[in-house]
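Presented below is the structure to which this report refers.
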Amino acid sequence: VDDLFVTKVWVFVNNCGKMNDRTVVYCTDILKLIELICDNRYNQPEQAFVKLSVDGGGGFVKIMLNVFTIDDDSEFGK
């Protein structure tokens with residue numbers, strides 16, 4: 001998994017016009033990450049429901065990836 005993520009320091013300008021250094025961690029291959037998650041959960045990618053969410057606040061942005069199994073009993077399989 002480590003080879004799918006990169007950590008870099010980027011410079012951002014805040015609301016007051018001041019420049020701030022922030023450490024950013026991001027995935028370089030999201031499709032490979034989803035396949036890895038499905039493989040580890042014994043799911044086929046075509047049987048997965050992928051939900052991507054973004055939450056901003058508290059001075060940072062958080063992006064979340066959820067992978068759910070689609071089956072007849074789940075809310076995604078109905």
Side-chain angles (χ1 to χ4, degrees):
V1 177
D2 291 343
D3 60 325
L4 293 177
F5 291 91
V6 174
T7 303
K8 291 190 177 182
V9 177
W10 289 354
V11 179
F12 293 92
V13 178
N14 67 15
N15 293 339
C16 299
K18 183 180 175 187
M19 298 178 75
N20 293 328
D21 293 345
R22 297 282 187 207
T23 301
V24 177
V25 180
Y26 61 93
C27 180
T28 58
D29 190 343
I30 193 70
L31 294 178
K32 189 167 183 110
L33 178 62
I34 293 169
E35 287 176 2
L36 181 66
I37 292 169
C38 289
D39 288 345
N40 283 324
R41 292 184 180 177
Y42 307 106
N43 298 337
Q44 297 297 319
E46 59 272 2
Q47 295 177 325
F49 178 81
V50 177
K51 177 181 170 185
L52 190 65
S53 306
V54 178
D55 179 22
F60 66 96
V61 174
K62 178 173 48 176
I63 301 173
M64 295 144 299
L65 172 71
N66 298 90
V67 180
F68 302 96
T69 301
I70 298 174
D71 58 28
D72 293 336
D73 297 330
S74 74
E75 65 181 284
F76 309 109
K78 296 178 182 175

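Excluded from the calculations below are hydrogen atoms, water molecules and symmetry mates; all remaining heavy atoms, backbone and side chain alike, are included.
- Here the straight-line distance linking atom OG1 of T23 with atom NZ of K8 works out to 13.0 Å at 0.5 Å rounding.
- Looking only at side-chain heavy atoms (C-beta outward), V25 and V6 stay at 4.5 Å or farther from each other.
- In terms of modelled atom types and a separation under 3.5 Å, the side chain of T28 and the main chain of L4 share a donor-acceptor contact.
- V67 is listed as a side-chain neighbour of R41, based on a closest heavy-atom distance under 4.5 Å.
- Atom CD1 of residue I37 and atom CG of residue L33 lie 4.0 Å apart, to the nearest 0.5 angstrom.
- Applying the side chain to side chain contact (heavy atoms under 4.5 Å, CB included) test to D3 and every residue at least two apart in sequence or in another chain returns nothing.
- Residues N14 and C16 approach most closely at OD1-N, 2.9 Å, considering heavy atoms.
- Rounding to the nearest 0.5 angstrom, the gap separating the CG atom in D2 from the OG1 atom in T7 is 9.5 Å.
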Run the numbers on L65 and I34 for side-chain contact (heavy atoms from CB on, under 4.5 Å), then give the verdict. CA-CA 9 Å; L65 172 71; I34 293 169; 4.0 Å; yes
Counting only pairs under 3.5 Å, give me each side-chain donor-acceptor contact of residues 50-64, with atom names and distances, residues two or more places apart or in other chains.
none

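- Evaluation of the ring-ring contact (aromatic ring centres under 6.0 Å, His included) test over residues 2-29, restricted to residues two or more places apart or in two chains, returns W10-Y26.
- In this structure the side chain of K32 never reaches within 4.5 angstrom of the side chain of I30, judged on heavy atoms.
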